[in-house]
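The analysis underlying the following values was restricted to heavy atoms, covering all of them including side chains, and did not include hydrogens, waters or symmetry mates.
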Number of protein chains: 2
Amino acid sequence: MSKMHKEHTLTKNQQIIFDLIDKSPEPMKAYSILFSVQKKGINAPLQVYRALDKLVEIGKIHKIESRNAFIACHNSSCQVAKATAFSICEICEKVTEISSTGLSKYLTNFKDKDGMKYSKYNLEFFGSCKKCTPK
Amino acid sequence: MSKMHKEHTLTKNQQIIFDLIDKSPEPMKAYSILFSVQKKGINAPLQVYRALDKLVEIGKIHKIESRNAFIACHNSSCQVAKATAFSICEICEKVTEISSTGLSKYLTNFKDKDGMKYSKYNLEFFGSCKKCTPK
DNA sequence: ATATTAATGTTATATTATTACACAATGTTA
DNA sequence: TAACATTGTGTAATAATATAACATTAATAT
Ligand SMILES: [Zn+2]
Ligand SMILES: [Zn+2]
Ligand SMILES: [Zn+2]
Ligand SMILES: [Zn+2]
């Protein structure tokens, strides 16, 4: 197994919660996750938040900050867990992870006036998706 | 008074809360604001959140989503209330609004695969500021 | 003046997230 | 293996963030 791409073996709770988010067509909120996994023996918010923290850390999921919700990474298990971009439809709340080499190159190399170098970014675009945009 | 740049006369609550945020060297959280303005007769969370909502709407302040905190706009009363970018130091939590024509042009014109056109974006860079970066 | 819209004040409640503590499983090193 | 360190778990309590519902008042528009 390559060093570049360490497989994190998920623990039971992490796997249950990842599977749920991964199957969901839309971002899931922590307490909605909690409700859904109670039948599987996960009873407390903290159990959910701990799994979410870990999953975010290893890049299996991302947090949509403006929505306090979580979405599975579909950028081939995100090399770029630390460089995320999403489009969010303000009508139907559909969220899509943007995978654009141009964009990520531009942002990764961006330097501000102070010369501060960034290790991470999160970008959220808002608008109206194709389905929701009147022709 | 020009139509392009309508001056919003702030109401009493809005003005009190804007002044507080504007004077603050760091982003302020809603309940910290509440605590600070109680001596001025603002007693309830909702009074704070309503003022914050309005101030965000008219571009006098911005919300730092990853921190649930609010910062005054210093881009000359943000023409671009809907196109915001910040740098955030993960060590000292200093937050700076980025004002880069290049960046805002790039992002404003960005189109994803689906051709979805965006009306708004928020970008947050994370890293270590000059002061916090070891030489 | 009247209708409409925006803001206020207040109470209660909903939603999101963390602290604290005891314990168990797993991994590392001697 | 034994000892240690690290990570994950379970549970209870609580903190922090945000909104709903309702009555009232102030500001704007016709
Ligand atoms: Zn991803
Ligand atoms: Zn949509
Ligand atoms: Zn601004
Ligand atoms: Zn710093």
Side-chain angles (χ1 to χ4, degrees), chain A residues 1 3 6-21 24 26-71 90 93 95 122 124, chain B residues 1 3 6-21 24 26-71 90 93 95 122 124:
Chain A
M1 186 189 301
K3 270 249 166 133
K6 176 169 186 219
E7 287 301 330
H8 289 267
T9 309
L10 301 183
T11 65
K12 180 168 147 284
N13 288 359
Q14 289 162 8
Q15 189 69 58
I16 290 169
I17 287 172
F18 174 73
D19 287 344
L20 181 67
I21 296 172
S24 172
E26 65 219 9
M28 292 197 76
K29 312 200 119 205
Y31 277 73
S32 145
I33 291 167
L34 175 58
F35 180 80
S36 297
V37 297
Q38 274 177 334
K39 62 194 74 134
K40 303 217 173 183
I42 295 176
N43 303 300
L46 193 48
Q47 294 176 292
V48 173
Y49 280 105
R50 282 196 285 224
L52 290 174
D53 285 351
K54 190 66 186 183
L55 291 168
V56 166
E57 185 194 324
I58 65 182
K60 300 280 288 181
I61 65 173
H62 304 301
K63 182 174 187 182
I64 311 301
E65 291 287 356
S66 66
R67 299 299 187 260
N68 298 316
F70 300 85
I71 192 178
E90 292 186 295
E93 291 294 325
V95 173
N122 180 57
E124 297 179 8
Chain B
M1 185 190 301
K3 271 251 165 135
K6 177 169 186 220
E7 287 301 330
H8 289 268
T9 309
L10 300 184
T11 65
K12 179 167 148 287
N13 287 0
Q14 289 162 10
Q15 189 70 58
I16 290 169
I17 287 172
F18 174 72
D19 288 344
L20 182 68
I21 297 172
S24 171
E26 64 219 7
M28 293 197 75
K29 313 201 118 204
Y31 276 74
S32 146
I33 292 168
L34 176 57
F35 181 80
S36 297
V37 297
Q38 274 176 334
K39 62 193 76 133
K40 304 217 174 185
I42 296 176
N43 303 299
L46 195 47
Q47 294 177 291
V48 173
Y49 280 104
R50 283 195 284 225
L52 291 173
D53 284 353
K54 190 65 187 186
L55 291 168
V56 166
E57 184 193 324
I58 65 182
K60 300 280 289 180
I61 66 172
H62 303 301
K63 182 173 188 182
I64 311 301
E65 292 287 356
S66 66
R67 298 299 186 260
N68 298 316
F70 300 86
I71 193 178
E90 292 185 296
E93 290 294 326
V95 173
N122 180 57
E124 298 180 7

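Here the C1' atom of nucleotide D/dG8 and the CD atom of A/Glu57 are 13 Å apart, to the nearest Å. Distance, A/Leu10 CG to D/dT7 C1': 14 Å, rounded to whole Å. As rounded to whole Å, 13 Å separates atom C1' of D/dA18 from atom CD1 of B/Ile33. In this structure, the CD atom of B/Gln14 is 11 Å from the P atom of C/dG9, given to the nearest Å. Going from atom CG of B/Leu55 over to atom P of C/dA6 covers 16 Å, rounded to whole Å. To the nearest angstrom, C1' of D/dA18 lies 12 Å from CG of B/Leu34. The CE-P distance, from A/Met28 to C/dT15, rounds to 15 Å in whole Å.
The backbone N or O of B/Ser32 sits less than 3.5 Å from a side-chain atom of B/Ser36, completing a donor-acceptor pair.
A/Leu20 and A/Met28 get closest at one heavy-atom pair: CG-SD, 3.7 Å. Contact detail for B/Ile16 and B/Val37: the closest heavy-atom pair is CG2-CG1, 3.7 Å. Looking at every heavy atom in both residues, A/Lys60 comes nearest to A/Phe18 through O-CE1, 3.5 Å. The shortest non-hydrogen separation linking A/Gln47 to A/Ile17 is O-CD1, 4.2 Å.
A close approach under 4.0 Å does not occur between any side-chain nitrogen or oxygen of B/Thr11 and OP1 or OP2 of C/dA6.
Using a 4.0 Å cut-off between charged nitrogen and carboxylate oxygen, B/Arg67 and B/Glu124 do not count as a salt-bridge pair.
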Study note, to complete from the structure: Readout for nucleotides 10-17 of chain D: B = base within 4.0 Å of protein heavy atom, S = sugar-phosphate only, - = neither; 5' to 3' it is BBB----B
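Base pairing of C/dT13 is made with D/dA18, judged by Watson-Crick or G-U wobble geometry with both donor-acceptor distances under 3.5 Å.
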